[in-house]
Amino acid sequence: MKRPGFIERHNLWTEIQKEASQKIKAVVKEQDLLLIRTAWSDQHGIVHSKWLLPQEFLSTLENGMHISTGTFLFDTGSAMVFNPFVPGGSLDIPLMTGGPNIVAVPDPDTFTILPWAKRTGFILCDEYFQNGQAMPFSSRGILRQSLAELDQRGLEYIIGLEVEWYLAKLEDPMLEFTHVGSYGKPGEPALISAVEHSFQYLSEPHNPEIHDLLLVLAENLVKMGLPLRSIENEGGIGQYEFTFDAMPALQAADTMMILRMATKQICRQQGYIASFMCLPKLQGCSSNGWHVHQSLVDRTTGENAFMSADSKILISDLGKHFIGGILKHANAASVFATPTINGYKRYRSHSLAPDRVGWGLENRGAMIRLLGGFDNPSTHIENRIGESAANPYLYIASQLISGLDGIDYQLDPGSPTEEPYAAEHPMLPKSLSEAISHLSQSTLFSQKMGQEFINFITKIKQSEINRFLESVTDQLPEEYLTQVTDWEQREYFELF
């Protein structure tokens, strides 16, 4: 009798996933796929993968795929933060000693064919230790855990994506060995040129300059099944915004991961560079925000739990308490919404980005913007704090964790403001270092994400901060905390 595989032994798939895996096997054969990119997310929200041939991939659908813990040991500049060759792997976790393999388990619900890569499939994975225990640093696993708690309450978390990014023409990839960098020292950024002239916000006349490329992007995203809703030219030179239909939270996070990966790969094929870095060091640059639209739905009735049935009230009590939780924990959660040093330069007064903790009615200057109202089934909130480079699993999980805490303790968000940049509200962190300090003091995130993970992400981010500070010793804080440095351009522009 055949011994059950790793996935079956540890009961890691639902019946729906099991059925989906059988369909995948048929698709691999029918489509004559040669390679399947079997992928996972690191702590930064960067996709990593192994390219498996069909026979090995089919085995992975039973036993998972062994991967190194290596991708979890580095900061954004590939500087090694943890020494795996000491007891506990520098993390006080015996299972991390020695840099052992862990098991990446494919999620059949995420399988797709990459239309821009010949005979190639793609699937996302969840990470486990070899004993079947969930890997505590798996950001997708952290979101799954938060959603499982929500499911017990009879609610579903619905997310809409609104994502800004930059497009530039590639002139020189700077691939001479003297330019490519090394561990902890990213290389020189590619030389690029603009794709349009001056300010073109929602302007139609210049669209022939970029129509063909955006058409290629749209065609590929739609072929992959991503629910693309709209495309628009934003405020910066070469800045675009993609929005997507509202969808369940895990699907939304997966969509964000695939969007960034696909956009960067397709643009590079066409001779361009796409960057989701928050504030590139480019002339005429506006910051890239990632606005997370969110609501809760009653699983039994299918009704929007944020919708008010009282004509005098714009949002339900549950919705108000959810806002209260997000506001209370905003400074600690900013590590997940804005995880880069660069992102904090976006928090500027009168900039269409928030600079303090507060909420408003249809107000784009507030951190939380309420849309909809009485008897409106589309009533939801939009958090405008995030940057496009954020890890989607951690960003969305931090919102849910904060909101549920607000519901549990019936937190009052106070009155909505009409003057978001003048209200006497707590200021958002001015730096990643300040945000890390808030996170380190948060009992909520330690309880919900696990103290092991909070220690892990804090050390990862501190390594990034330390390398940055070493690069700006000749500058004053008022300069390097407000102006984009060369270090940031090297660190983030091509990574995100």
Side-chain angles (χ1 to χ4, degrees), residues 40-48 67-86 88-93 95-97 99-100 102 127 129 134-143 181-186 253 257 260 276-278 331-344 386-398 401 429 431-442 445-446 448-471 487-488 490-492 494-496:
W40 65 97
S41 167
D42 69 9
Q43 57 277 4
H44 309 298
I46 302 298
V47 179
H48 300 266
I67 61 172
S68 165
T69 53
T71 57
F72 296 91
L73 304 180
F74 299 96
D75 68 11
T76 50
S78 297
M80 182 171 282
V81 180
F82 305 101
N83 179 1
F85 304 113
V86 298
S90 303
L91 290 156
D92 297 323
I93 299 177
L95 289 172
M96 291 293 288
T97 303
I102 55 175
E127 302 90 3
F129 287 122
M135 209 269 198
F137 309 138
S138 168
S139 51
R140 194 169 193 263
I142 287 172
L143 178 56
S182 59
Y183 292 112
K185 295 181 179 180
M257 289 287 295
R260 291 195 304 219
F276 292 78
M277 176 183 175
C278 184
N331 283 343
S334 64
V335 173
F336 306 115
T338 308
T340 70
I341 288 163
N342 177 259
Y344 290 84
E387 65 170 317
S388 297
N391 180 318
Y393 304 109
L394 299 180
Y395 183 7
I396 292 173
S398 72
I401 289 168
S431 66
L432 179 59
S433 181
E434 184 182 338
I436 285 291
S437 177
H438 286 288
L439 179 63
S440 299
Q441 299 170 43
S442 170
F445 287 113
S446 294
K448 297 299 183 179
M449 291 185 169
Q451 189 62 56
E452 290 175 334
F453 175 76
I454 297 301
N455 293 342
F456 166 77
I457 202 68
T458 297
K459 290 179 181 177
I460 288 278
K461 289 288 130 187
Q462 194 58 56
S463 173
E464 187 177 334
I465 292 166
N466 291 344
R467 287 191 301 104
F468 171 69
L469 292 177
E470 289 173 3
S471 76
W487 184 94
E488 292 163 77
R490 289 195 303 273
E491 186 85 4
Y492 302 127
E494 292 189 60
L495 176 67
F496 292 113

For residues His44 and Asn391, is any side-chain donor paired with an opposing acceptor at under 3.5 Å?
no
Ignoring hydrogens, what is the shortest heavy-atom contact between Asn331 and Pro429? Give both atom names and the distance.
OD1-CD, 3.1 Å
Quick one: side-chain hydrogen bond (donor to acceptor under 3.5 Å, both in side chains) partners of Ser446, sequence neighbours excluded?
Gln451
Hey, mind stepping through Trp40 and Ser138 against side chain to side chain donor-acceptor pair (under 3.5 Å) and telling me if it holds?
CA-CA 9 Å; Trp40 65 97; Ser138 168; over 6 Å; no
Ignoring hydrogens, what is the shortest heavy-atom contact between Thr340 and Glu464? Give both atom names and the distance.
CA-OE2, 3.8 Å
Which atoms form the tightest heavy-atom contact between Ser41 and Glu127, and what is the distance?
O-OE2, 3.7 Å
Looking at Tyr492 versus Phe276, is the centre-to-centre ring distance below 6.0 Å?
no
Taking only residues two or more places apart in sequence or in another chain, which ones pass side chain to side chain contact (heavy atoms under 4.5 Å, CB included) with Ala134?
Tyr128
I need the minimum non-hydrogen distance between Gly77 and Pro186, along with the two atoms involved.
CA-CG, 3.9 Å
Partners of Phe445 by ring pair (Phe, Tyr, Trp, His ring centres under 6.0 Å), sequence neighbours excluded?
Phe336
Partners of Asp75 by salt bridge (Lys or Arg N to Asp or Glu O under 4.0 Å), sequence neighbours excluded?
Arg467
Donor-acceptor under 3.5 Å (Thr97 side chain, Gly88 main chain)
yes
Please report the C-alpha distance between Phe72 and Phe137 in whole Å, then the side-chain angles of each, then the deciding distance to 0.1 Å, and finally whether the ring-ring contact (aromatic ring centres under 6.0 Å, His included) criterion is met.
CA-CA 8 Å; Phe72 296 91; Phe137 309 138; 7.1 Å; no
Please name all residues satisfying salt bridge (Lys or Arg N to Asp or Glu O under 4.0 Å) with Arg490, sequence neighbours left out, ordered by chain then number.
none
The side chain to side chain contact (heavy atoms under 4.5 Å, CB included) partners of Phe74 (sequence neighbours excluded) come to Met80, Tyr183
Under the side-chain hydrogen bond (donor to acceptor under 3.5 Å, both in side chains) test, residues paired with Asn466 that sit two or more places apart
Gln462
So how far is it from Ile454 CD1 to Gln441 CD, rounded to the nearest 0.5 Å?
12.5 Å
Expected output: side-chain Lys461 to main-chain Val335 donor-acceptor under 3.5 Å:
no
For His438, check side-chain hydrogen bond (donor to acceptor under 3.5 Å, both in side chains) against everything at least two apart and list the hits.
none
Set of residues satisfying side chain to side chain contact (heavy atoms under 4.5 Å, CB included) with respect to Pro392, sequence neighbours excluded
Ala253, Met256, Met257, Arg260, Trp290
How about Asn83: does its CG atom have over 12 heavy atoms from other parts shown lying under 6.0 Å from it?
yes
Show me the pairs that pass salt bridge (Lys or Arg N to Asp or Glu O under 4.0 Å) and involve residues 448-460, at least two apart or across chains.
Glu149-Lys448
Which residues satisfy the side-chain hydrogen bond (donor to acceptor under 3.5 Å, both in side chains) test with Thr458, sequence neighbours excluded?
none
According to ring pair (Phe, Tyr, Trp, His ring centres under 6.0 Å), who are the partners of Phe468, at least two apart in sequence or on a separate chain?
Tyr480, Trp487
